[in-house]
Amino acid sequence: MNPILTVAAKEFRDDFRNRWTIALTILFALLALGIAWFGSAAAGRVGFTSFDATLASLTTLGAFVIPLIGLLIAYGSIVGERDDGTLLLMLSYPLSRGQLVAGKFLGHCSALAAATLAGFGLAVAIMQWMQPPEQTMQAWLQIGRFILSASLLGACFVGLACLISVQTTDKSRAAGLALVGWLVSVVLFDLALLALLVVSGGNPVERAVYPYLLLFNPVDVFRLVNLTALGDGAGNDLLTGMTAHHVYPPALLYALLLGWAVAPFAWAMLAFRRKEI
Amino acid sequence: MNHPIECHALAKRYGDLAALDGISAVVPRGQVIGLLGHNGAGKSTLIKLILGLIAPSGGRLEVLGQSPWRAHALRRRIGYLPESATFYGNLTGRELLDYLARLKQAPGAQIATLLDRVGLAHAADRRIGTYSKGMRQRLGLAQALLGSPDLVLLDEPTTGLDPQATRELYRIVGELRADGRCVLVSSHLLAELEPHIDGALILRQGKLLAAGSLHALGEQAALPAQVLLRTREQAMPELLARLETGGLSAQPRPDGRLELQVPRASKLRMLRELLADPAIVDLDVREPTLAQLYDWLGAGPPSTAEVAA
């Protein structure tokens, strides 16, 4: 077997064995069911109701949780092996440094994607069983889109975690950087955009730039993929406010997510090649 | 290609620091060679160069006939046991070997044989996290032998091993030698290593202090042999005087024996004379040890002044 796949298979197994990924799967399933069941509680009724609203809530939630999990499962990829003294052993085997990083990236991404698929798949299956909604092709497409984009979002942060892992010399520093990365992309980036929006007032030129600024953050691209496809009122305010008159081709959004996943990973591979061991 | 490892004027610098400086040596096939030196002498750097994990700054290095730098496929023919080996604690011994065998494209059938060979068959399905240090070291040896490598690098292999496990390890090293493989063992435990190696590479502050077979190194150093004598009661003062007339000074030891330093050149003649002496009831000859040779070469750690320089 190709060494990349060998390493990936080990990381995949480890992620499930360490129970992180199983916990994540259960969390996804519970959250999805909880949101679906209690989503309309404010309107005075419980039960599986609006599919769009459920997906919108899941998107908001996924945008917080998935990056965090991606960073947590992968930040120790290389620096952890260095700390544990296994890095030298691994590198004494017939695989290149690039192959080692690629295997780790692939393994963690697959584990995250499997958790997403299993968690949400389980939730959807339970929803179907409890109260079959009107079956539409649209609903299935939306679920598929959500799982695919969530997996790609996970890959973006696994890639970032790999980069952090290659560039740091101890695990605690890597963990700190991973949390900073999460905070910046999930919270601070949007806050900064919001602040800019408020400060600039109604300047039409600047307003025209914002929708493009969103594309610089994979978390926002993930939201765009899912929310802009939903019906009115389901999206969040920042996005609908900024992108009211803007249509992004879905292919562009997926390509961007893929790009945001590949860029930090490719950087990590190159940086690791040049590192003194 | 003649030898598994050949280097000529090999150098490795980290900025201003010369970790290795002009090393020229060969390591022959079918031999066990000790890689000796104090901490920081350059042993680990040499091992990393041989594994192709770092690039030489100068000179030439050939391992199994090719330059090892980034030659990934070459590592299929090299086994390596890192110093104080740690492995993935969440895997079992068998799972670890299975994973590493896949990476090395070694036949999976070897795994059970190797586990048995290092005495870990009973613990093969236990998590490595529960292994003792000695068991981890033995697992490390097993992984180093995956794929029947032509060259085996063992870095402090007996750390944490009890005497019996140490003997087992050197028995396996002996089998590798008999099988025509080349084994490079880095160790601080000179007395333990000595009976098991054919030759040594001795490094000091990045320079090669000595290289060759133990016999040749011993000849070169011409260190005296040590002779211990037990005499008849009352005969010692007279014997001491006699030895002194013969130009030999003997020191009494706390155990009641006399200790003589006998020059290599006159060893046999002296021994014949001593054996014929009726005052002597027992005699013990000790050849210079690797540790004495090491001291004679001045291979100990550098002084503070040297480090500052």
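We name chains A, B, ... by the order of the sequence lines, and we start the count at 1 in each one.
Of the atoms belonging to K48(B), it is side-chain heavy atoms, and not backbone ones, that fall under 4.5 Å from chain A. Neither the backbone nor the side chain of L81(B) comes within contact range of chain A, judged by heavy atoms closer than 4.5 Å. Q99(A) does not touch chain B: none of its heavy atoms, backbone or side chain, sits under 4.5 Å away. Contacts of L146(B) with chain A are made by side-chain atoms alone, with heavy-atom separations under 4.5 Å and no backbone atom involved. Of the two parts of E83(B), neither the backbone nor the side chain holds a non-hydrogen atom closer than 4.5 Å to a non-hydrogen atom of chain A. When heavy atoms are compared at a cutoff of 4.5 Å, L51(B) approaches chain A solely by way of its side chain, counted from C-beta outward. Neither the backbone nor the side chain of R13(A) comes within contact range of chain B; no heavy atom of the residue lies under 4.5 Å from a heavy atom of that chain.
The 12-atom threshold is exceeded at OH of Y14(B), counting heavy atoms of other residues, nucleotides or ligands nearer than 6.0 Å.
A donor-acceptor pair under 3.5 Å links the side-chain atoms of N217(A) to the main chain of S185(A), judged by distance alone. Under the 3.5 Å distance criterion, the side-chain polar atoms of R177(B) are matched with a main-chain donor or acceptor of H196(B). No donor-acceptor distance shorter than 3.5 angstrom exists from the side chain of R102(B) to the backbone of P3(A), with no hydrogens or angles considered.
Classification of the Y88(B)-Y99(B) ring pair by plane angle, with boundaries at 30° and 60°, yields perpendicular.
Looking at Y93(A) and Q143(B), their side chains do bring a donor and an acceptor atom within 3.5 Å of each other.
Distance check, rounded to the nearest 0.5 Å: CD1 of I35(A) to OG of S57(A) gives 5.0 Å. The CZ atom of R274(A) lies 5.5 Å from the CG atom of L270(A); values are rounded to the nearest 0.5 Å.
With chain A as partner, the option from L103(B), L153(B), I78(B), L74(B) having the largest number of non-hydrogen pairs under 4.5 angstrom is L103(B).
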Would you be so kind as to tabulate the donor-acceptor pairs closer than 3.5 Å made by side chains of residues 146-164 of chain A, with sequence neighbours excluded?
residue, atom, partner, partner atom, Å
S149(A), OG, R145(A), O, 2.8
S149(A), OG, F146(A), O, 3.1
S149(A), OG, N226(A), ND2, 3.0
S151(A), OG, I147(A), O, 2.8

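Contacts with chain A (heavy atom to heavy atom, under 4.5 Å) involve no residue of residues 107-132 of chain B.
The pair R17(A)-E95(B) meets the salt-bridge criterion, with a side-chain N (NZ, NE, NH1 or NH2) lying under 4.0 Å from an Asp/Glu carboxylate O.
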